[in-house]
Amino acid sequence: MRKIVIALSVLALLTSCVSKKKYTDLEARNKETQDLLNSATVKLNSCLEEKAGLSATVAGLKEHNQTLINTSKDMTVLTTKGAENIEKALESIKEKDLKISRMQDALTKKDSVTLAVVTSLKSAVGISDPDIEINVEKGVVFISIADKLLFKTGSYDVTDRAKGVLAKVAKVVNDKPDFECMVEGHTDNVPYNGSGILLDNWDLSVKRSTSIIRVLTNQLGVKPEQLIAAGRSSYVPLVANDSAENRARNRRTRIVVLPKIDQFYDMIEKEMKKQKQ
């Protein structure tokens, strides 16, 4: 029996470490993508300013040619130089429009996919439930579920009521086989005082994450390769742990739906390279 307990403790520790590393990698990838999006936005604004300047140049050249027409009375011949300048300006505007359109398409596609995911989740999960929150931060979809829907106090056994909620989440995840989902366990700051293989709130948060993942994979058909287990203990609270109500808010499980960030990263990276050419 002692050997089994030791083995389970080692397994829990390895699961927590691996999950934390994957979580750190995902956070780094998400930050890198956000930085690139910010850079693309700055470049887009610069292109729009250049387009405005070129449009003003075209307007000035047209006005100049109209003046030549008026002063030449019946003569309606534009100077060769003026015509060439107008042609070059129009061609430059056309190129800028094309580059702006490509960059806007890349950014819009990312926003559209995120919006579609949020809409599907809200429809499937039921946004009217105050214990379930769905929001978007920096292009990533977060589903936060209060622990009272998922577990009993101090336990990591998933309740029957929770399985109904998770079934709705699983349906959306199964419809998006190219997405990844990270399941984050969060606790309040009350020290864990249970018995068994769990030592503290770190263990409890990770164990709750893996318990939910087992329901999603074993009972609801979600592919294991889409899921990532993570525990945050009490160190990422929503509010201060200064009342029973606030501690209840902080006890939650957050499911992070991650679209194929690499696809958007590649699109924007290619467009940035075109801008440098």
Side-chain angles (χ1 to χ4, degrees), residues 12-34 114 117-118 121-122 125-159 161-162 165-166 168-169 173 180-216 227-258 261:
L13 180 58
L14 289 174
T15 301
S16 177
C17 293
V18 172
S19 301
K20 185 175 181 181
K21 181 176 183 302
K22 287 187 176 181
Y23 178 81
T24 302
D25 291 340
L26 282 168
E27 281 193 328
R29 287 173 57 196
N30 189 40
K31 183 178 184 303
E32 183 181 10
T33 302
Q34 188 62 36
T114 300
V117 174
V118 173
L121 287 169
K122 287 183 177 179
V125 176
I127 193 60
S128 60
D129 194 327
D131 294 318
I132 302 174
E133 295 181 2
I134 301 176
N135 55 63
V136 179
E137 298 174 16
K138 297 181 180 179
V140 179
V141 180
F142 296 93
I143 310 169
S144 184
I145 307 174
D147 267 9
K148 64 182 180 180
L149 291 181
L150 303 175
F151 310 101
K152 294 181 180 179
T153 302
S155 171
Y156 53 82
D157 292 327
V158 180
T159 66
R161 182 185 178 190
V165 175
L166 294 175
K168 296 176 182 178
V169 175
V173 176
E180 292 181 334
C181 293
M182 180 162 57
V183 181
E184 286 183 353
H186 294 260
T187 69
D188 57 25
N189 66 341
V190 177
Y192 176 75
N193 59 3
S195 58
I197 63 173
L198 303 185
L199 300 180
D200 51 24
N201 282 339
W202 276 113
D203 283 352
L204 179 59
S205 64
V206 174
K207 187 62 178 174
R208 285 180 167 178
S209 171
T210 55
S211 293
I212 289 175
I213 283 178
R214 289 190 180 95
V215 172
L216 291 172
L227 301 175
I228 304 163
R232 307 302 301 274
S233 187
S234 61
Y235 297 105
V236 191
L238 294 175
V239 292
N241 285 290
D242 53 8
S243 68
E245 181 181 355
N246 283 354
R247 285 191 291 273
R249 285 192 63 192
N250 290 331
R251 294 192 300 271
R252 68 201 189 278
T253 295
R254 192 169 72 159
I255 299 175
V256 186
V257 182
L258 301 164
I261 295 177

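Starting from 1, each residue takes its place in the sequence as its number.
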Mark yes or no for whether [X], through its side chain, and [Y], through its backbone, hold a donor-acceptor pair below 3.5 Å.
| X | Y | value |
| --- | --- | --- |
| Asn246 | Asn241 | no |
| Ser144 | Glu133 | no |
| Ser234 | Asn189 | no |
| Asn201 | Val190 | yes |
| Ser209 | Ala229 | no |
| Thr159 | Leu149 | yes |

Should [X] and [Y] count as side-chain neighbours, where that means a heavy-atom distance under 4.5 Å?
| X | Y | result |
| --- | --- | --- |
| Leu150 | Arg208 | no |
| Tyr192 | Thr187 | no |
| Val173 | Leu216 | no |
| Tyr156 | Val206 | no |

Give every residue pair that meets the salt bridge (Lys or Arg N to Asp or Glu O under 4.0 Å) criterion with at least one member in [range], sequence neighbours excluded.
| range | result |
| --- | --- |
| residues 148-157 | Asp131-Lys148 |
| residues 246-257 | Glu184-Arg254, Asp188-Arg251 |
| residues 234-246 | none |

For [X] and [Y], which heavy atoms make the closest approach, and how far apart are they?
| X | Y | answer |
| --- | --- | --- |
| Ile255 | Cys181 | CG2-CB, 4.3 Å |
| Trp202 | Gly231 | CZ3-O, 3.2 Å |
| Ser205 | Ser233 | OG-N, 3.2 Å |
| Val158 | Leu166 | CG1-CD1, 4.2 Å |

CD1 on Ile213 to OG1 on Thr253, rounded to 0.5 Å: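 These two atoms lie 10.5 Å from each other.
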